[in-house]
Asker: 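Quick one: this structure, given as structure tokens, is what I'll be asking you about.
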Amino acid sequence: MLPMVQSVCLASSLPNHYHTHLSPKLKRSFDAKNNVQIPTSETLYNFNSPFELKQVVAFLIKTNKPLSLLPLPRVASVCALTPNFSFAQQIFNCIEQPEVSVWNSCLRNLAEGNCVTNAIFLFHQMRIYNVVPDIFTCSFVLKACVKLLDLSCGKIVHAYIEKLGFQSNLVLLNALLHLYATCGAMADSMLLFDKMPQRDVVSWNIMITQLAKKGDIDEAFELFSQMPERNLRSWTAMITGFVHCGKAKEAVRLFKEMEESGLSANEVTVVAVLAACADLGALELGRRIHEYSNKSGFKRNVHVCNTLIDMYIKCGFLEAAKAVFEEMKERTIVSWSAMIQGLAMHGQADEALELFNNMIKTGMKPNEVTFLGVLHACSHMGLVNEGREFFASMTRDYNITPQIEHYGCMVDLLSRAGLLKEAYEFIVSMPIKPNGVIWGSFLGGCRIQKDVEMAEEAMRHLGILDPLNDGYYIIMSNIYAEAKRWEDAARVRKLMKDRGVKKTPGWSSITIAGVMHEFVAGDDNHPQAEEIFEIWDKLLEQMRFKGYVPNTSVVLLDMEENEKEKYLYRHSEKLALVFGLMNTKPGETIRIMKNLRVCEDCHAAFKVISEIVKREIVVRDRNRFHCFKDGLCSCKDYW
DNA sequence: AAGCGGCTCC
């Protein structure tokens, strides 16, 4: 109960009219309670401003009720967030309660909510009110600092931790590790980690996660190997890190090791492993994880479902992706975008655009990524007018500023459709400085249109923007070769050599009975190489009969024509295909993955072969899927 | 009353 003196004191600090003139809202709520003397909790929580708070206090004093009935965290937030309103101090002075805990719970709510800056503000107010932070205060503020990437406030908290003697508190030290690392001060974080008198599994997990996020995967793995004990989060952090750094194979290897150690994956682990499966095209593992997810009740998890969709799409199983999408009770923009992008990758532009329209009908708002998918769909199928319209609609209808990637899609769309001049105008009038990808798309269009001069213009820019990318030299050299300008082609190859640019080795892979077999061009080390070449020769006879003519212009090397042919016949995707034909049942679909884009000659060859062997051949290249069937490809030769 | 995670893409 409030001592009378204090009560009078507080009451006298209020203007008189607060006692009698309640706001209509409060008056209603009090009137509703009629003559009930004790305000209900609902009534007491019913204030959002200093003004209303004063009225509630006035009510309590007037009805002779203790101020301790006030919800103190709410008092703290209403008071502390309003500058120059020191009412809180007076109220706290009247109540026997450790003040800091009240502030803390308010701080915690703010740090975990949507107005995180208010947490920082509240923390500063606390210091003005001379409230000494405790361990929990520090922990909550650090959480807010991490969310806001506010290192300067974080350093103030760090100073408090030192000053108040909390520096051996492991939870706070871990929070500091996290803070420095996420704010880009990895070196400071590492220093702190190194001098920690003791660490727990969380400390290690933080460092592993952050190093991997930064791309320092080797150091992350070093720590992972050193740490004294690992929990599920440690494994998950490392697996996610590998996936993030493009080391999907290592991710899968580690996942299997984790399973052997007796730990079971949770939703986050599942997402990481599925992403690895998507990268590798590892359908069998992906399916197993899908079943496991269903059994474990992860089906309701949106992240898991979104990643499943992506996995099935990248493994070439559009139908399975659709099924997951259909079954989802709640879909986020990511689900829709993944599905649209997937349909685009498979060349099903109409369906992709239809899905986009359905999405709009449900009231879902598209984002940048959604439009990338939509524009991809248009460019893969040469829908120029639709693409232009979608690009315009981004800013006009959805207030989304196109990024360099969207400009890239447009350049790709225009130049591949043969509108090189428009594409060029588009590039030079872009509000963003064009990068290598933009000129690279343009160059790709020049190749299809066989426009040497425009290609040379693109190369001038690429020589500055991305001089070490082998792909551009190869395309340029091919353009010259196709124009029979052999000397120029040789000059480009020499330029490439002089600049020390190395050709990315092409590889293709195929999975037979769960084992992935990889082939590189000219591969004669494979145990079944002899047999592969033999079968190829037989196949070639039938192919020639069907009208196949080798397209040796794609071969860069200086050699005799028949040598070039031989070289052509050892392309990695052809080796993988023949190996697949040898090791699967008749009629079974063959699935091949390639790290680069499928070559033109292989594309022509696969069409003919699909007819001869009466099989479906699905090839996932760097850009998209090609599904060869009955002598045709799903890309309709537009790629 | 506290500290460590996940998805769509170029």
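Letters go in sequence order (proteins before strands), and every chain restarts at 1.
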Asker: What is the distance from CE of A:M339 to P of B:dC9, rounded to the nearest Å?
Answerer: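 The distance from CE of A:M339 to P of B:dC9 comes to 12 Å, rounded to the nearest Å.
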Asker: To the side chain of A:S139, which of B:dC7, B:dA2, B:dG5 is closest?
Answerer: B:dA2
Asker: Any chance the side chains of A:T137 and A:D134 put a donor and an acceptor closer than 3.5 Å?
Answerer: yes
Asker: If you draw the axis of the six-membered ring of A:Y292, does the NZ or CZ of A:K295 fall within 45° of it and under 6.0 Å from the ring centre?
Answerer: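 Not flagged: A:K295 not positioned over aromatic ring of A:Y292.
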Asker: So, A:N104 and A:S101: side-chain donor and acceptor under 3.5 Å apart, yes or no?
Answerer: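 Checked: A:N104/A:S101 side chains show no N/O donor-acceptor pair below 3.5 Å.
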Asker: Could you tell me the separation between the CZ atom of A:F356 and the P atom of B:dT8, rounded to a whole number of Å?
Answerer: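 For the pair A:F356 CZ and B:dT8 P, the rounded distance is 20 Å.
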Asker: Nearest-Å distance, CG (A:N306) to C1' (B:dT8)?
Answerer: 7 Å
Asker: Under 4.0 angstrom, heavy atoms only, what part of the nucleic acid is A:V202 near: base, sugar-phosphate, or nothing?
Answerer: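 It contacts base atoms.
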Asker: May I have the distance from A:L343 (atom CG) to B:dC9 (atom C1'), rounded to whole angstrom?
Answerer: 16 Å
Asker: When we call it a touch if two heavy atoms are under 4.0 Å apart, what does A:I309 touch: a base, just sugar-phosphate, or nothing?
Answerer: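 Contact class for A:I309: none.
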Asker: Remember a base hit wins even if backbone is also touched, and classify A:Q341 as base, sugar-phosphate or nothing at under 4.0 Å, heavy atoms.
Answerer: sugar-phosphate
Asker: Select one nucleotide: of B:dC4, B:dC10, B:dC7, the one nearest the side-chain heavy atoms of A:N205.
Answerer: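 The answer is B:dC4, which lies nearest to the side chain.
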Asker: Classify the nucleic acid contact of A:T236 as base, sugar-phosphate or nothing, counting any heavy atom under 4.0 Å across all strands shown.
Answerer: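 Base, at least one base atom sits under 4.0 Å.
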Asker: Between B:dC9, B:dA2, B:dG5, which one does the side chain of A:K213 approach most closely?
Answerer: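 The answer is B:dG5.
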Asker: Can you tell me which residue among A:F325, A:F356, A:F371 is in a ring-ring contact (aromatic ring centres under 6.0 Å, His included) with A:W336?
Answerer: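 Option passing the ring-ring contact (aromatic ring centres under 6.0 Å, His included) with A:W336: A:F325.
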Asker: For a quick test of reading the model: is some side-chain N or O of A:H178 closer than 4.0 Å to OP1 or OP2 of B:dG5?
Answerer: yes
Asker: Base, sugar-phosphate alone, or nothing: which one does A:N266 contact when heavy atoms must sit under 4.0 Å apart?
Answerer: base
Asker: Return the nearest nucleotide to the side chain of A:T240; candidates are B:dC4, B:dG6, B:dA2.
Answerer: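 Of the candidates, B:dG6 comes closest.
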Asker: A:R233 side chain: which of B:dC4, B:dG6, B:dC7 is closest?
Answerer: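 In terms of side-chain proximity for A:R233, the closest of B:dC4, B:dG6, B:dC7 is B:dC4.
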Asker: Distance check needed: B:dC7 P versus A:I313 CD1, whole Å only.
Answerer: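 Going from CD1 in A:I313 over to P in B:dC7 covers 16 Å.
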Asker: Do A:H406 and A:E368 have side-chain N/O donor and acceptor atoms under 3.5 Å apart?
Answerer: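 Checked: A:H406/A:E368 side chains show no N/O donor-acceptor pair below 3.5 Å.
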Asker: Measure the distance from CD1 on A:I206 to P on B:dA2 and round it to the nearest whole Å.
Answerer: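 Spelled out: CD1 on A:I206 to P on B:dA2 is 16 Å.
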Asker: Please pick, from B:dG6, B:dT8, B:dA2, the nucleotide with the shortest atom-to-atom distance to any side-chain atom of A:N169.
Answerer: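 Output: B:dA2.
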Asker: Is the phosphate of B:dC9, meaning OP1 or OP2, less than 4.0 Å from a side-chain N or O of A:K314?
Answerer: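 Indeed, a polar side-chain atom of A:K314 lies that close.
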Asker: Could you tell me whether A:N104 contacts a base, only the sugar-phosphate backbone, or nothing, with contacts defined as non-hydrogen atoms closer than 4.0 Å?
Answerer: base
Asker: Side chains of A:R287 and A:H290 only: does a donor on one sit below 3.5 Å from an acceptor on the other?
Answerer: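 The criterion, which ignores hydrogens and geometry beyond distance, is not satisfied for A:H290 and A:R287.
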Asker: For the pair made of CD1 in A:I161 and P in B:dA2, what is the distance, rounded to whole Å?
Answerer: 16 Å
Asker: Check whether any side-chain nitrogen or oxygen of A:H376 sits under 4.0 Å from OP1 or OP2 of B:dC10, and answer yes or no.
Answerer: yes
Asker: Choose from B:dG5, B:dA1, B:dG6 the nucleotide whose nearest atom is closest to any side-chain atom of A:T209.
Answerer: B:dG5
Asker: Which nucleotide wins on minimum distance to the side chain of A:S101, given the candidates B:dA1, B:dG5, B:dC10?
Answerer: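 Looking only at heavy atoms from C-beta outward on A:S101, the closest nucleotide is B:dA1.
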Asker: Whole Å only: how far is the CZ atom of A:F166 from the P atom of B:dA2?
Answerer: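 Rounded to the whole Å, the gap is 16 Å.
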Asker: Which of these nucleotides, B:dC9, B:dG5, B:dG6, is closest to any side-chain atom of A:V369?
Answerer: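 So the side chain of A:V369 is nearest to B:dC9.
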